[in-house]
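One structure is given below, encoded as structure tokens.
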Amino acid sequence: MTIYKALTIAGSDSGGGAGIQADLKTFQELKVFGMSAITAVTAQNTLGVQGVYPLPAKAVIQQIESVGADLGVDALKTGMLYSAEIIEAVAGSIQSFGWENVVVDPVMIAKGGASLLQNEAVHALIDHLLPLTKVVTPNIPEAEVLTGMSIRTLEDQQEAAERLAAYGAKYVVIKGGHSEASDEVVDVLYDGRTFSYYTGYRVDTPHTHGTGCTFAAAITAELAKGNSVPDAVQTAKKFIQAAIEDTLGIGGGHGPTNHWAYGQRLAKQQSRVTRGERE
Ligand SMILES: Nc1ncnc2c1ncn2[C@@H]1O[C@H](COP(=O)(O)OP(=O)(O)OP(=O)(O)O)[C@@H](O)[C@H]1O
Ligand SMILES: Cc1ncc(COP(=O)(O)O)c(N)n1
């Protein structure tokens with residue numbers, strides 16, 4: 001049996017809905033062995049972020065090197081990177097290992113408003129990380145910061161994707177969770193030439209903490225297994241749609257998504273097929 005391996009380089013969310021915790025749960029559900037390099041520890045729950053404690057860049061590099069030198073990495077994702085110093089260190093490690101399946105979720109601000117990336121680190125992300133990126137997955141506010149344009153329409157999402165591709169990312173997904181459309185959510189994928197659209201119905205729920213982390217982690221897991229970027233995005237969209245729909249309803253604020261939901265649906269489908277075959 002081949003074991004596919006994915007690394008997440010991100011912050012820890014004590015509440016378990018976003019960050020490293022969301023990434024590892026998603027890798028596990030998609031049958032990929034998950035590994036982590038923690039950039040910062042946050043004290044966090046569904047009500048907000050109570051504390052942010054970044055690790056020294058040296059500690060981040062050491063974790064990446066420990067994993068890379070021994071276990072190997074089929075794909076990796078980055079989440080909360082916090083500072084320019086950590087971004088440059090991470091970019092250096094990616095380059096020295098020659099890793100290509102790199103998914104960058106440019107995490108900037110938590111749902112409750114806490115800053116997870118220092119303002120001056122935005123340029124480091126553009127200059128050092130995007131040129132090494134296979135897939136970058138900003139939400140609309142992050143894409144606005146990275147491109148300097150305002151995004152209101154689907155055409156704006158497309159233009160922002162073109163601008164981000166010009167920074168060096170091979171594929172760009174502008175997620176539509178923050179768009180003003182009320183009935184559906186459209187994620188736009190740009191491969192440098194053409195656009196594809198991944199549409200789901202908009203679930204009316206406050207429980208969307210960690211949707212971006214989970215979506216990018218699912219893309220990473222699928223790339224680790226050798227799937228194409230469009231196929232990986234398709235699976236990630238189904239994974240996050242199920243995780244939002246089958247809500248857990250825990251915590252007093254923006255609750256986490258349900259990382260079991262996609263697997264439970266697949267198992268149900270499978271048992272229907274098996275029963276049909278027997279009858
Ligand atoms: N209410 C919703 N209903 C259905 N899908 C949604 C909803 N909100 C977000 N999504 C989907 O979840 C994924 C993440 O989108 P979003 O734009 O919310 O990212 P994000 O803001 O980075 O997430 P977060 O910051 O919460 O981690 C996308 O695939 C998006 O289409
Ligand atoms: C450690 C960490 N990483 C990422 C997020 C973004 O998730 P959200 O925007 O849903 O709060 C977060 N809150 N915490």
Side-chain angles (χ1 to χ4, degrees), residues 8-24 26 36-55 77-82 86 103-117 135-146 151 157 160 173-189 197-219 232-247 251 253-258 261-262:
T8 167
I9 305 170
S12 165
D13 167 9
S14 54
I20 290 277
Q21 288 78 0
D23 296 343
L24 292 177
T26 305
S36 63
I38 296 181
T39 56
V41 173
T42 71
Q44 192 175 168
N45 55 26
T46 68
L47 302 172
V49 178
Q50 291 84 39
V52 174
Y53 303 91
L55 262 67
K77 84 169 270 277
T78 67
M80 172 187 180
L81 294 174
Y82 192 69
I86 293 179
V103 178
V104 172
D105 182 19
V107 171
M108 292 181 189
I109 296 172
K111 285 256 146 61
S115 175
L116 303 178
L117 183 75
V135 193
V136 64
T137 62
N139 63 23
I140 287 177
E142 289 157 356
E144 288 183 329
V145 170
L146 290 168
I151 302 174
Q157 272 177 272
V173 185
I174 312 271
K175 298 172 293 190
H178 295 248
S179 83
E180 282 153 18
S182 58
D183 50 348
E184 57 180 28
V185 187
V186 185
D187 299 340
V188 175
L189 170 67
Y197 307 90
Y198 298 82
T199 305
Y201 89 86
R202 181 178 291 277
V203 185
D204 185 13
T205 174
H207 302 309
T208 55
H209 174 57
T211 50
C213 306
T214 302
F215 177 73
I219 296 175
V233 174
Q234 180 72 60
T235 302
K237 183 73 179 165
K238 285 188 189 152
F239 191 98
I240 194 62
Q241 187 78 32
I244 297 171
E245 281 176 16
D246 297 357
T247 187
H254 289 289
T257 69
N258 178 354
Y262 176 79

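Whatever order the structure lists ligands and atoms in, that order sets their numbers, starting from 1. The structure displayed is predicted, hence computed values, not measured ones. Excluded from the calculations below are hydrogen atoms, water molecules and symmetry mates; all remaining heavy atoms, backbone and side chain alike, are included.
Heavy-atom proximity to Val185, at under 4.0 Å, picks out these atoms of ligand 1: 3 (N), 4 (C), 5 (N), 6 (C), 30 (C), 31 (O). Each of the following atoms of ligand 1 lies closer than 4.0 Å to a heavy atom of Thr208: 26 (O). Counting atoms of ligand 1 from 1 in the listed order, those under 4.0 Å from a heavy atom of Phe215 are 29 (O). Near Arg202, the atoms of ligand 1 lying under 4.0 angstrom from a non-hydrogen atom of the residue are 1 (N), 3 (N). Distances below 4.0 Å separate heavy atoms of Asn139 from the following atoms of ligand 1: 17 (O), 19 (O), 20 (P), 21 (O), 22 (O).
Between atom 29 (O) of ligand 1 and the options Ile109, Asp13, Asp187, the minimum heavy-atom separation is to Asp187. Of the candidates Thr137, Ile240, Val186, it is Ile240 that places a heavy atom closest to atom 12 (O) of ligand 1. For atom 21 (O) of ligand 1, the nearest non-hydrogen atom from the set His178, Lys175, His207 comes from His178. Comparing Thr257, Thr205, Val173, Thr211 against atom 14 (C) of ligand 1, the shortest heavy-atom distance belongs to Thr211. Looking at Ala216, Ala22, Gly177 and measuring to atom 9 (C) of ligand 1, the nearest heavy atom belongs to Gly177.
Environment of CG in Asp204: sparse, with no more than 12 heavy atoms of neighbouring residues, nucleotides or ligands closer than 6.0 Å. Other residues, nucleotides and ligands contribute only 12 or fewer heavy atoms inside 6.0 Å of the NZ atom of Lys238.
Between Cys213 and ligand 1 there is a heavy-atom distance shorter than 4.0 Å. Ligand 1 has at least one atom lying under 4.0 Å from a heavy atom of Gly210. Residue Tyr201 places a heavy atom less than 4.0 Å from ligand 1.
The shortest distance between side-chain heavy atoms of His209 and Thr257 does not fall below 4.5 Å. Asp187 is listed as a side-chain neighbour of Phe215, based on a closest heavy-atom distance under 4.5 Å. Looking at Met80 and Val52, their side chains come closer than 4.5 Å, going by heavy atoms from C-beta outward. In this structure the side chain of Thr235 reaches within 4.5 angstrom of the side chain of Tyr262, judged on heavy atoms. Residues Ser179 and Val185 are not in side-chain contact: their nearest non-hydrogen atoms beyond the backbone lie 4.5 Å or more apart. By the 4.5 Å heavy-atom criterion applied to side chains, Lys77 and Asp23 are counted as neighbours. Between Val173 and Val188, every side-chain heavy-atom pair lies at or beyond the 4.5 Å cut-off. With a 4.5 Å cut-off on side-chain heavy atoms, Tyr82 and Leu117 do not count as touching.
Protein heavy atom at the shortest distance from atom 25 (O) of ligand 1 is Lys111 NZ, 3.8 Å. In terms of protein heavy-atom proximity, atom 27 (O) of ligand 1 is closest to Gly212 N, 2.7 Å. Nearest protein neighbour of atom 1 (N) of ligand 1, counting heavy atoms only, is Val203 O, 3.0 Å.
Ser14 contributes a side-chain N or O that, together with a main-chain N or O of Gln44, makes up a donor-acceptor pair within less than 3.5 Å.
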Hey, what polar pairs (N/O, under 3.5 Å) does ligand 2 make with protein?
| residue | atom | partner | partner atom | Å |
| --- | --- | --- | --- | --- |
| ligand 2 | 9 (O) | Lys111 | N | 3.4 |
| ligand 2 | 10 (O) | His209 | ND1 | 3.4 |
| ligand 2 | 10 (O) | Gly210 | N | 2.7 |
| ligand 2 | 11 (O) | Lys111 | N | 3.2 |
| ligand 2 | 11 (O) | His209 | ND1 | 3.2 |
| ligand 2 | 13 (N) | Gln44 | OE1 | 2.7 |
| ligand 2 | 14 (N) | Gln44 | NE2 | 3.2 |

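In terms of N/O distances under 3.5 Å, ligand 1 is not approached by Ile244. Between Asp105 and ligand 1, no N or O atom pair is found at a separation short of 3.5 Å.
Under the side-chain contact (heavy atoms from CB on, under 4.5 Å) rule, Met108 has a single partner from Asn139, Leu116, Leu146, which is Leu146. For the side-chain contact (heavy atoms from CB on, under 4.5 Å) with Tyr198, the lone residue among Gln241, Lys175, Lys237 that qualifies is Lys237.
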Next on the checklist: Apply side chain to side chain contact (heavy atoms under 4.5 Å, CB included) to residues Ile244 and Thr205 and explain how you reach the verdict.
Outcome noted: CA-CA 8 Å; Ile244 297 171; Thr205 174; 3.7 Å; yes
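For the residue pair Asn258/His207, the side-chain donor-acceptor check at 3.5 Å is not satisfied.
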